[in-house]
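Everything below concerns the one structure shown next.
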Amino acid sequence: MNDCIFCKIANKEIPAKIEYEDDDMIAFHDLNPQAPIHLLFIPKKHIESLDKLNQEDSIVIGKIFFQISKLAQSLGLDESGYRVVNNMGADGGQTVYHIHFHLLGKRPLTWPPG
Ligand code: 5GP
Ligand code: ZN
């Protein structure tokens with residue numbers, strides 16, 4: 001049994017506004033956007049968190065970062081800039097335990113984070 005919400009999005013069992021998909025990954029709009037552009041990139045394979053990544057699966061993370069840069073360009077974020085975030089574990093603020101990368105853009109983002 002897999003109750004993972006992001007696996008369900010990857011399997012099209014629950015709807016999401018999908019921006020990009022290939023054999024390895026899917027990118028979709030966050031339900032609760034924190035910026036005018038707020039996308040989530042996930043591997044289709046269930047990996048719980050960055051902490052649980054093994055060497056073999058780490059290849060998909062490079063592919064995800066490449067596609068983040070491509071999609072950011074196609075959305076016109078490359079000139080203004082953007083942020084890519086991974087939250088790991090409780091202190092990192094992770095709420096969904098299927099590894100994902102937030103792409104945030106189209107507004108100035110403050111630093112340090114809260
Ligand atoms: P985390 O806090 O784990 O880094 O981020 C989880 C993100 O997933 C949050 O930004 C939250 O808004 C988003 N999210 C949670 N459930 C859903 C969902 O069912 N659909 C979509 N599109 N986003 C979701
Ligand atoms: Zn999952």
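Note that the numbering runs from 1 along the sequence shown for the chain. We count ligands from 1, going down the list as the structure has it; atoms in each ligand are counted the same way.
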Any atoms of ligand 1 less than 4.0 Å from a non-hydrogen atom of N87? List them with their elements. 1 (P), 2 (O), 4 (O)
State, without any angle test, whether H29 and E19 hold a side-chain donor-acceptor pair at a distance under 3.5 Å. yes
Contact check, F6 vs ligand 1, heavy-atom distance below 4.0 Å: yes
Select one of side chain, backbone, both or neither to describe which atoms of V85 lie under 4.0 Å from any atom of ligand 1, heavy atoms only. neither
Between I42, V96, L31, flag the one that comes closest to atom 21 (C) of ligand 1 by a heavy atom. L31
Ignoring hydrogens and geometry, is there a side-chain-to-backbone donor-acceptor pair from R83 to T110 under 3.5 Å? yes
Would E21 and K12 pass as an ion pair if we require N to O under 4.0 Å? yes
Is the closest basic N to carboxylate O distance between D57 and K45 below 4.0 Å? yes
Any K17 heavy atom less than 4.0 Å from ligand 1: no
Working for side-chain contact (heavy atoms from CB on, under 4.5 Å), residues L104 and Y82: CA-CA 6 Å; L104 299 145; Y82 53 87; over 6 Å; no
Should I61 and F101 count as side-chain neighbours, where that means a heavy-atom distance under 4.5 Å? yes
Among all the protein's non-hydrogen atoms, which is closest to atom 22 (N) of ligand 1, and how far away is it? H29 O, 2.9 Å
At the Zn ion (ligand 2), SG of C4 and ND1 of H46 open up to roughly (10° bins) 110°
Quick one: the ND1 of H98, the Zn ion (ligand 2), SG of C7 angle, rounded to 10°, please. 110°
Numbered in order shown, the ligand 1 atoms found under 4.0 Å of a heavy atom of Q94 are 3 (O)
Could you tell me if any non-hydrogen atom of G93 lies under 4.0 Å from any atom of ligand 1? yes
Taking everything shown except D23 itself, do over 12 heavy atoms lie less than 6.0 Å from its CG? no
For H100, counting its heavy atoms only, list the atoms of ligand 1 lying under 4.0 Å from any of them. 1 (P), 3 (O), 4 (O), 5 (O), 6 (C)
Quick check on contacts: which atoms of ligand 1 are under 4.0 angstrom from a heavy atom of T95? 1 (P), 2 (O), 3 (O), 5 (O), 6 (C)
Please could you name the atoms of ligand 1 that I5 approaches to less than 4.0 Å, counting only its heavy atoms? 19 (O)
Please state whether Q34 comes within less than 4.0 angstrom of ligand 1, counting heavy atoms only. no
Once the angle between the rings of H38 and H102 is folded into 0 to 90°, is it parallel (under 30°), tilted (30 to 60°) or perpendicular (over 60°)? tilted
Centres of the Y97 and F6 rings: under 6.0 Å? no
Per-atom contacts, ligand 1 versus N32 - under 4.0 Å to a heavy atom: 12 (O)
Any chain of hydrophobic side-chain contacts (each under 4.5 Å) joining I99 to Y20? yes
With the threshold set at under 4.0 angstrom, would you say I9 reaches ligand 1 through any of its heavy atoms? yes
Quick test: of every protein heavy atom, which one is nearest to atom 9 (C) of ligand 1, and how far off is it to 0.1 Å? D30 OD2, 3.3 Å
Is it the case that K70 and Q67 place a side-chain donor and acceptor less than 3.5 Å from each other? no
